[in-house]
Amino acid sequence: MIKKLLHIILLIIITAFVGCDSNSKNTATYFGGKIINPKSKYVVLFSMEKVIDTLYLGNDNRFLGKLENANEGLYYFAHGNENQFIYLEPQDSLMLRLNTWDFDESIVYAGKGAERNNILIDCFLQEEKDNKMFHKLNQLKPDAFIKKTDSLLALKDKTYEEYAKHHPSETTGFNHVLKVALTYPIFSRIEKYPIEHLKYNNKKDFDKINKSFYKHRSSVSVNNDSLMYYQPYSKYIRNFLYNSTYSLGHKPMTNEYSSAFTVDLLKTIDRNITSDASKNAFLKQTVISHFYKKSSCNANKNAFDTYFNLSTSTKDKDHVRLLLLDSKALQKGQELVDFTVTDLTNATYSIKKLIKNKNTFLLFWNPENTTPMYISSRINYLSKKFPDVKFIQIKIDGSAEDRIEQLDIKNQFFITADSEANNFLTSKMTRSIIMNKEGIITNGFASISSKKLYSDLKNLK
């Protein structure tokens, strides 16, 4: 009853927004709605990674975008630190209502295009619910596990068939996306099963698995560029690539990946992904994420050499080279060089004076690499676990508007273009520097997400 009432309210909103065009032939595509408890003043609409439009909220927190000659396909919108995918077709008038306090769970769509987007959000929410179930399923032996996933896939196929039966006018494009949304999360978990089963059962080596275990691969394409940014699809591809690399004979790895594994993974990507754009994206993401997992200035030379040989993107390779140059600056055992930081009242300080006689964790962050929400969660946890360490967050290319709400404002700063810190942040990539009370660096390129961080911080005592 509540959801039906929300649909009626949204239909009234649509009428108010687009009713003035009802007397003329309208070929535009509309996307709008209302945000409850907004986190910013706008909603950003993307196609792939390209910004299509920035839609500003009115006084009533409503927004509306009008797209001329919109292409059919997947888009996603972002508000605050969260985002969600939508599927648009020409002449849609899709309206949403969401409450940022319960972002995904609160989303309701109405208007033309609503039914297909409501089932996509239902698929997304069901996948999150399935996570709990798979904690137990991953403990099963391979035969028992695949029997369970076969049953789940049968239910997903039934859901697809029921929707297709009652919506015969849906396009081939949307039907394919719906099939991916329903089944690829299960395929993804099948690919990840070997490493998850080992982890949940405290084993040291993989179980033997028959080829029939991966029968889904015969019906899966790993080279659909239009879906590479869609989470159910990209997550499957990533798990498939890692599992295929482990099958070459590598032993399980958790804390960090060996240079040999990274090299083989890069070669696996090169063999399996044919599109240059997607291949280059996977290659770059892999070599950088594995470097961060090491949480150290020491780069795996073989891995980076392999990356430079396989990638065809000059832009990507130039960016990775800057990251390597940054990693060679401010290494373990060196004294921290002085540089200026600016607080959120625009007052400027010497970093050496701020951290004098203190064990310190400096986090230089960029929203393109990590979200404020993740930073606040990690820093709050770490500061409680290590109360004797001073945690300072410094936004790269920031301003006085860049506050992370959940963290102490007194520990938040940013660097401007004339700060000396830019000399070791040429790549603009997030990095952390750990120092002892004497101002000596104990880790010059730590990662906030690495397990190694705990031992680094504990050793400061």
Side-chain angles (χ1 to χ4, degrees), residues 256 291-299 322-366 369-370 375-376 378-400 402-404 407-461:
E256 65 179 83
F291 170 68
Y292 272 88
K293 202 170 179 68
K294 281 177 64 68
S295 193
S296 165
C297 291
N298 300 322
L322 289 177
L323 177 64
L324 289 176
L325 286 174
D326 290 342
S327 71
K328 294 176 182 177
L330 302 184
Q331 295 198 351
K332 181 178 180 180
Q334 295 179 354
E335 184 178 349
L336 181 70
V337 297
D338 201 12
F339 57 88
T340 57
V341 295
T342 308
D343 71 11
L344 301 190
T345 68
N346 284 314
T348 302
Y349 300 87
S350 156
I351 192 66
K352 281 198 170 184
K353 291 182 179 179
L354 280 176
I355 65 172
K356 188 176 181 180
N357 299 325
K358 297 183 180 74
N359 290 324
T360 306
F361 179 90
L362 296 179
L363 170 65
F364 299 89
W365 65 280
N366 184 333
N369 311 133
T370 189
I375 291 171
S376 63
R378 291 291 288 156
I379 294 297
N380 280 323
Y381 173 78
L382 291 169
S383 59
K384 290 178 181 177
K385 192 171 183 67
F386 302 97
D388 296 330
V389 177
K390 185 176 182 65
F391 290 87
I392 293 178
Q393 303 85 56
I394 305 171
K395 170 79 181 298
I396 301 171
D397 293 339
S399 71
D402 292 317
R403 181 182 178 184
I404 302 177
L407 296 177
D408 189 345
I409 194 172
K410 295 192 298 295
N411 293 325
Q412 296 187 55
F413 302 86
F414 62 93
I415 56 172
T416 57
D418 58 354
S419 172
E420 299 83 350
N422 290 294
N423 294 330
F424 55 84
L425 296 168
T426 61
S427 66
K428 307 297 183 183
M429 294 284 287
T430 296
R431 76 181 289 181
S432 301
I433 297 175
I434 304 174
M435 289 156 298
N436 60 26
K437 293 179 180 180
E438 289 73 39
I440 303 301
I441 296 170
T442 59
N443 190 334
F445 213 115
S447 171
I448 192 174
S449 60
S450 173
K451 292 181 180 179
K452 184 184 175 186
L453 194 61
Y454 301 108
S455 60
D456 284 343
L457 294 172
K458 187 176 181 181
N459 287 338
L460 286 175
K461 294 181 179 180

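Note that these values count all heavy atoms, side chains included, but never hydrogens, waters or copies made by symmetry.
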(request) Please assess I441 against Q331 for the test side-chain contact (heavy atoms from CB on, under 4.5 Å), listing each intermediate value before the final yes or no. (result) CA-CA 7 Å; I441 296 170; Q331 295 198 351; over 6 Å; no

(request) Tell me whether the centres of the aromatic rings in F386 and F391 are closer together than 6.0 Å. (result)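 No, ring centres 6.0 Å or more apart.
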
Could you give the side-chain donor-acceptor pairs of residues 429-436 under 3.5 Å, partners two or more places apart or in another chain?
residue : atom : partner : partner atom : Å
T430    : OG1  : N366    : N            : 3.2
R431    : NE   : G444    : O            : 3.3
R431    : NH1  : D326    : O            : 3.0
R431    : NH1  : F424    : O            : 2.9
R431    : NH2  : A329    : O            : 3.4
R431    : NH2  : G444    : O            : 2.4
N436    : OD1  : E438    : N            : 3.0
N436    : OD1  : G439    : N            : 3.3
N436    : OD1  : I440    : N            : 3.0

Donor-acceptor under 3.5 Å ([X] side chain, [Y] main chain):
X    : Y    : value
D402 : S399 : yes
D343 : N346 : yes
Q412 : I404 : yes
S419 : T340 : yes
R378 : I448 : yes
S295 : S447 : yes

(message) I'd like to check the salt bridge (Lys or Arg N to Asp or Glu O under 4.0 Å) partners of D338; sequence neighbours left out, ordered by chain and number.
(response) none

Side chains of residues 353-361: which donor-acceptor partners sit under 3.5 Å, not counting sequence neighbours?
residue : atom : partner : partner atom : Å
N359    : OD1  : K437    : N            : 3.1
T360    : OG1  : K358    : O            : 3.0

(request) Could you check if a side-chain atom of N423 sits within less than 4.5 angstrom of a side-chain atom of V337, using non-hydrogen atoms only? (result) no

(request) Determine, stepwise, if the pair D456 / T442 fulfils side-chain contact (heavy atoms from CB on, under 4.5 Å). (result) CA-CA 8 Å; D456 284 343; T442 59; 5.8 Å; no

Drop me the distance from [X]'s [atom1] to [Y]'s [atom2], to the nearest 0.5 angstrom.
X    : Y    : atom1 : atom2 : value
S383 : D408 : OG    : CG    : 9.5 Å
F339 : S350 : CZ    : OG    : 9.0 Å
I396 : L363 : CD1   : CG    : 8.5 Å
I394 : F414 : CD1   : CZ    : 11.5 Å
L457 : D388 : CG    : CG    : 11.5 Å

Quick one: closest heavy-atom pair of [X] and [Y], and the distance?
X    : Y    : result
I379 : Q393 : CG2-NE2, 3.6 Å
N422 : T416 : ND2-O, 2.9 Å
L324 : A299 : CD2-CB, 3.8 Å
Y292 : S450 : O-CB, 4.2 Å
F445 : N443 : N-OD1, 3.0 Å

(message) Please determine whether a side-chain nitrogen of the Lys or Arg among E256 and K293 lies less than 4.0 Å from a carboxylate oxygen of the Asp or Glu.
(response)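 No salt bridge links E256 with K293.
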
(request) Verify side-chain contact (heavy atoms from CB on, under 4.5 Å) between I351 and L362, making sure each step is shown before the conclusion. (result) CA-CA 10 Å; I351 192 66; L362 296 179; 4.0 Å; yes

